[in-house]
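Read the structure below first, then the notes.
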Amino acid sequence: MRPALRGYALAILSVAGALLVTHSLRNPVFPTPLFFAAISISTWYGGGIPGVLTVAFGTLALDYYFIPPEGSLSLNKPELPWLLEFALPALLTCWFVNRRKIAETSLRQARNELESKVQERQAELARVSRMMTIGEMGVSVAHEVNQPLMAVVLNGDACLRWLAADPPNLEEARKTVGRIIEEGTRAGEIV
């Protein structure tokens, strides 16, 4: 069933239910409370138009079943002001219930949008955090690899000086080549 038809059906059923219960109480002093409940229910679940229809159907039902002479629809009845005292607050109730439903729906939608944006920002923050961690790790690895490589360069330069001396100092050149091998091995372990 389409939503509009469901709302109209709800308006008719809620007035019928209020009428049956109120009429079964046999001459109630205040026959309107269940009609106000029917208006609230049909407006909340059906919308503004079904709520106004409930007001109209409820007003007609009260006029026909509860305002003397009972069993007739007439605007010439002496209790017509009593009927207006029902219809005007009923319309106001319908308006308030409809406005509240719209406000709650808007608030729920805004909350859902906000939660969605927060989740997006949290995901973006987590991604940026991961990227920063990777960057920090890269800087750390570069620093750790740079130290042995600089030692290799410095030891290579020293080795060339030992070999260029007159006479060449082969013992110091061997020690320097040994340090070059150690630093190269250390750089490989870091990587």
Side-chain angles (χ1 to χ4, degrees), residues 1-140:
M1 186 181 289
R2 292 181 15 214
L5 292 178
R6 276 194 304 245
Y8 302 144
L10 180 62
I12 293 168
L13 291 175
S14 62
V15 170
L19 178 63
L20 287 174
V21 172
T22 303
H23 200 269
S24 69
L25 295 174
R26 307 267 187 231
N27 296 323
V29 177
F30 300 110
T32 60
L34 291 177
F35 288 97
F36 276 105
I39 291 165
S40 296
I41 290 169
S42 64
T43 303
W44 186 265
Y45 292 105
I49 294 174
V52 171
L53 283 175
T54 305
V55 171
F57 293 150
T59 303
L60 291 173
L62 287 170
D63 184 28
Y64 189 82
Y65 289 101
F66 298 102
I67 295 179
E70 294 176 7
S72 69
L73 289 174
S74 172
L75 295 178
N76 295 330
K77 294 181 178 183
E79 283 82 9
L80 186 61
W82 181 85
L83 196 59
L84 289 176
E85 288 177 8
F86 166 76
L88 294 177
L91 286 172
L92 191 60
T93 299
C94 177
W95 183 80
F96 278 126
V97 169
N98 192 39
R99 297 310 305 166
R100 178 169 177 170
K101 176 71 174 189
I102 291 169
E104 284 189 16
T105 302
S106 296
L107 283 173
R108 190 175 305 114
Q109 181 181 3
R111 185 195 69 218
N112 292 341
E113 289 173 5
L114 182 60
E115 284 178 358
S116 175
K117 286 181 182 179
V118 166
Q119 288 175 351
E120 287 173 11
R121 295 298 180 257
Q122 286 176 336
E124 186 177 333
L125 182 60
R127 184 185 64 78
V128 168
S129 178
R130 285 191 303 271
M131 294 301 289
M132 287 181 65
T133 301
I134 289 170
E136 289 172 2
M137 190 172 73
V139 168
S140 176

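Once rounded to the nearest 0.5 Å, the distance linking CE of Met132 with CZ of Arg130 reads 13.5 Å. Separating the CG atom in Asn112 from the CG atom in Leu107 is a distance of 11.0 Å, to the nearest 0.5 Å. Rounding to the nearest 0.5 Å places CZ of Phe57 at 10.0 Å from OH of Tyr8. Between the CG atom in Leu91 and the CZ atom in Phe96 there is a gap of 12.0 Å [rounded to 0.5 Å].
The shortest side-chain heavy-atom distance between Val139 and Glu136 does not fall under the 4.5 Å cut-off. Proximity of Phe66 to Leu83: side-chain heavy atoms (C-beta onward) are nowhere separated by under 4.5 Å.
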Report the C-alpha separation of Thr32 and Leu62 in whole Å, then their side-chain angles, then the decisive distance to 0.1 Å, and conclude whether the side chain to side chain contact (heavy atoms under 4.5 Å, CB included) test is met.
CA-CA 8 Å; Thr32 60; Leu62 287 170; 3.8 Å; yes

Give the C-alpha distance, both sets of side-chain angles, the deciding distance and a yes or no for salt bridge (Lys or Arg N to Asp or Glu O under 4.0 Å) between Arg111 and Glu115.
CA-CA 6 Å; Arg111 185 195 69 218; Glu115 284 178 358; 3.8 Å; yes

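For residues 89-101, the side-chain hydrogen bond (donor to acceptor under 3.5 Å, both in side chains) pairs, not counting sequence neighbours, are Arg100-Glu104. The side-chain hydrogen bond (donor to acceptor under 3.5 Å, both in side chains) analysis of residues 52-61, with sequence neighbours excluded, yields the pairs Ser42-Thr54. Within the structure, every pair that satisfies the ring pair (Phe, Tyr, Trp, His ring centres under 6.0 Å) test and touches residues 67-90, not counting sequence neighbours, is listed here: Phe36-Phe86.
The shortest non-hydrogen separation linking Ala87 to Val55 is O-CG1, 4.1 Å. Residues Gly46 and Leu10 approach most closely at N-CD2, 4.0 Å, considering heavy atoms. Across all their heavy atoms, Pro50 and Ala11 have their closest contact at O-CB, 3.4 Å.
Shown here is Ile49, whose CD1 atom has no more than 12 heavy atoms of other residues, nucleotides or ligands within 6.0 Å.
For the pair Ser129 (side chain) and Leu125 (backbone), a donor-acceptor distance under 3.5 Å is absent. Distance alone, capped at 3.5 Å, places no donor-acceptor pair between the Thr43 side chain and the Ser40 backbone.
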